[in-house]
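Structure record follows, encoded as structure tokens.
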Amino acid sequence: MHIMEGFLPWQWCLFWYMVALPVVAYGVIQIKKITDEHPESKPILAVSGAFMFVLSSLKLPSVTGSCSHPTGTGLSAVLFGPAATSVLAAIVLVFQALLIAHGGITTLGANIFSMGIVGPFAAWLVFKGVKKIGWGPSIGIFCAAVAGDWLTYVTTATQLSLAFPIPTFGAAFVKFMVIFAYTQVPLAIAEGLLTVAVFDYIMKLRPDILVKLKVISPKVEETPKAVA
Amino acid sequence: MFENTLDNFAHHNELRGTNVHFKVLFALLTMLVSLISTSPVVPIIITFLMSFLIIFKAKIPWKFYLKFLTIPFIFGFLTFVFMALFFGVGTTIYEFNIFNLAVTVDGFNLGLLVFARIMGGFSCMAFLALTTPMTELFSVLETFKIPKIVLEIAMMMYRYIFVFLNEALNMYYAQQTRLGYQSFKTTYKSLGMLASNLFIRSWIKGERVYVSMESRGYNGSLYINNYQNSIGIKNLTILVLFESVLILGVYLSGNFRLF
């Protein structure tokens with residue numbers, strides 16, 4: 001859920017930039033550490049970012065009749081960790097603003113916070129939690145994607161109602177949440193289903209990638225490897 | 001595809017030769033003025049000025065530009081309606097006899113302001129997106145002390161976005177000719193296959209790109225040649241004057257309300 005250019009008053013733009021900046025800076029340090037150790041991961045991070053962008057430009061049918069696009073941040077958070085995802089999401093958001101007029105420059109800080117930080121962190125935590133309980137990675141990734149999406153919407157609603165607390169913060173929050181609930185709750189479930197489908201196929205065709213990224217533990221049994 | 005043409009215009013327009021720093025400064029400053037404005041007057045003036053520059057100075061076809069502007073316009077308009085109906089306390093302008101809905105003065109003004117700000121900000125962003133190629137924007141970001149690693153990843157990402165968009169489109173057509181996307185269920189199956197195959201392909205491509213770059217002497221950083229024309233005192237003066245007039249406009253029109 002992008003906040004459009006010019007939607008937020010300038011005080012809030014500044015505030016969200018200040019909140020988002022330290023996390024992205026931390027992510028940059030993480031990425032630097034990864035790429036210094038494994039230089040070959042640099043192009044891989046880049047193509048993953050491009051993958052996120054392309055995924056977000058695919059249309060996804062939803063129950064309410066509305067169409068939306070998957071964010072792909074849940075998948076990325078599970079694969080690369082939330083810190084690196086925040087950097088990738090920041091770059092993707094800039095591209096989305098300049099190439100397809102989604103989001104904006106002044107609202108970039110707020111968008112990074114909701115979609116690049118809160119969502120991925122939630123998804124990552126949920127995935128780890130489900131893994132700890134002992135359920136399969138498919139259930140984990142479904143819960144992660146859905147939780148990431150929902151928390152993104154809650155964050156966006158909070159940001160909007162903080163900026164427009166009319167008549168009070170609580171009342172505005174309820175209004176925004178009601179609108180989001182009708183359109184976005186089914187969407188989040190739709191994205192969860194799609195993410196599971198994506199994850200399952202990757203697991204079937206190239207489990208070695210997932211093992212390399214430490215998403216799943218290496219299997220003892222031999223899995224048939226598809227010709228890529 | 002839509003993205004392709006946008007990129008195309010960024011490379012071929014009449015303002016392509018203008019200094020990048022100047023264009024970025026101009027767009028961002030104007031965007032900020034539009035943002036701090038407390039009345040819809042200045043943002044609307046900015047919208048028209050920017051549109052004029054884009055269509056008559058940069059010579060972007062007006063049809064294409066209007067298409068670019070429809071998304072923010074529809075969104076902005078919906079926001080305006082939403083705010084006018086639900087975000088007001090106080091006197092009403094017009095009452096609907098159904099559902100207890102009413103347009104209030106506060107709500108109407110707030111909605112109009114936000115709508116104007118969205119359009120103003122978007123026209124500035126469109127100016128930047130349509131006149132400046134992304135690679136040149138990166139060179140500006142470098143002077144803002146954005147870490148090199150981020151810029152490199154962003155640059156490679158930019159390249160691969162177009163590669164993958166083509167690939168995704170090819171796969172999409174291939175799936176459609178093989179009875180994909182027929183019903184709700186198959187749509188999910190097809191989309192899942194498409195996305196995961198895309199991921200695997202991107203992964204393979206990423207590994208191969210690294211090998212090919214390494215074999216051509218890649219040592220961890222990319223170098224770009226970016227020659228720029230100088231800004232010139234005249235342009236700089238015009239810029240300062242223009243922004244001052246806009247800020248003055250913001251100050252003078254600060255209390256303007258339609259109702």
Side-chain angles (χ1 to χ4, degrees), chain A residues 4-10 13 28 31-32 35 39-40 42-51 53-55 57-58 60-61 70 72 75 87-88 90-92 94-95 97-102 104-106 164 166-167 172 175 179 190 193-194 196-202 205-206 209 228, chain B residues 2-3 6 28 31-32 34-36 43 68 71-72 75-76 79 86-89 106 110 114 117-122 125 128-129 134 147 149-150 152-154 156-158 160-161 164-165 168 184 187-189 191-193 195-200 202-207 209-210 213 220:
Chain A
M4 280 271 173
E5 173 70 61
F7 200 88
L8 294 178
W10 64 272
C13 294
V28 171
I31 283 192
K32 217 172 154 59
T35 49
E40 74 274 10
K42 211 187 274 182
I44 288 172
L45 279 168
V47 290
S48 314
F51 172 73
F53 183 94
V54 175
L55 199 66
S57 64
L58 295 173
L60 188 71
L75 187 67
V87 180
L88 289 183
I91 304 175
V92 168
V94 172
F95 284 143
L98 288 176
L99 290 176
I100 50 176
H102 274 265
I105 304 284
T106 55
F164 299 103
I166 301 165
K175 278 177 205 166
I179 295 178
L193 289 174
L194 183 73
V196 171
V198 174
F199 189 79
D200 279 350
Y201 272 106
I202 297 174
L205 297 176
R206 290 292 299 272
I209 295 177
Chain B
F2 179 51
E3 284 83 0
L6 196 140
L28 284 187
M31 195 185 270
L32 287 180
S34 157
L35 192 70
I36 57 168
F68 185 79
I71 307 172
F75 181 84
T79 307
F86 298 109
F87 273 80
V89 279
D106 303 13
L110 185 67
V114 171
R117 274 208 316 242
I118 289 176
M119 293 314 286
F122 252 102
M125 216 162 76
L128 208 56
M134 209 54 97
I149 172 91
V150 178
E152 262 171 54
I153 289 179
M156 282 195 251
M157 209 192 261
Y158 182 61
Y160 281 99
I161 281 173
F164 292 153
L165 274 178
F184 199 77
T187 303
Y188 271 88
K189 196 163 172 251
L191 261 184
M193 284 164 98
S196 52
N197 204 10
L198 199 63
F199 179 81
I200 291 167
S202 9
W203 185 274
I204 295 168
K205 207 146 222 166
E207 286 177 335
V209 167
Y210 180 71
M213 274 162 55

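Order of the sequence lines sets the chain letters (A, B, ...), proteins ahead of strands, with each chain counted from 1.
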Worksheet item: Given a strict heavy-atom distance threshold of 4.5 Å, which part of A/A90 is in contact with chain B: side chain, backbone, both, or neither?
Response: neither
Discussion item. I'd like to verify something: which residue of A/V196, A/I105, A/L193 has the highest number of heavy-atom pairs under 4.5 Å with chain B?
Written reply: A/I105
Worksheet item: Between B/M134 and chain A, which part of the residue has a heavy atom less than 4.5 Å away: side chain, backbone, both or neither?
Response: side chain
Discussion item. What's the separation between atom CE in B/M157 and atom CD1 in A/I91, rounded to the nearest 0.5 Å?
Written reply: 4.0 Å
Discussion item. With a 4.5 angstrom heavy-atom cut-off, is it the side chain or the backbone of B/I118 that approaches chain A, or both, or neither?
Written reply: both
Response to the item:
Distance col, row B/I153:CD1 vs A/I31:CD1, nearest 0.5 angstrom, shows 4.5 Å
Practice prompt. Give, as side chain, backbone, both or neither, the part of B/M125 having an atom under 4.5 angstrom from any heavy atom of chain A.
Written response: both
Item to complete: Can you see which heavy atom on A/L98 is nearest to which on B/A129, and at what distance?
Response: O-CB, 3.2 Å
Worksheet entry | Taking every non-hydrogen atom, the tightest pair across A/A197 and B/G192 | CB-CA, 3.8 Å
Worksheet item: How far apart are the closest heavy atoms of A/V28 and B/P147, and which atoms are they?
Response: CG1-CG, 3.8 Å
Discussion item. Please find the pair of heavy atoms, one from A/A46 and one from B/M156, that lie closest to each other, and give the distance.
Written reply: CB-CB, 3.5 Å
Discussion item. Taking side chain as everything from C-beta outward and backbone as N, CA, C, O, which of these in A/L8 sits under 4.5 Å from a heavy atom of chain B? Side chain, backbone, both or neither.
Written reply: backbone
Discussion item. Between B/L128, B/L28, B/L110, who has the most heavy-atom pairs with chain A when the cutoff is under 4.5 Å?
Written reply: B/L110
Discussion item. Using every non-hydrogen atom in the two residues, find where B/R117 and A/F7 come nearest and quote the distance to one decimal.
Written reply: NH2-O, 3.2 Å
Discussion item. B/Y158: which residues meet the ring-ring contact (aromatic ring centres under 6.0 Å, His included) condition with it, sequence neighbours left out?
Written reply: A/F95, B/F162
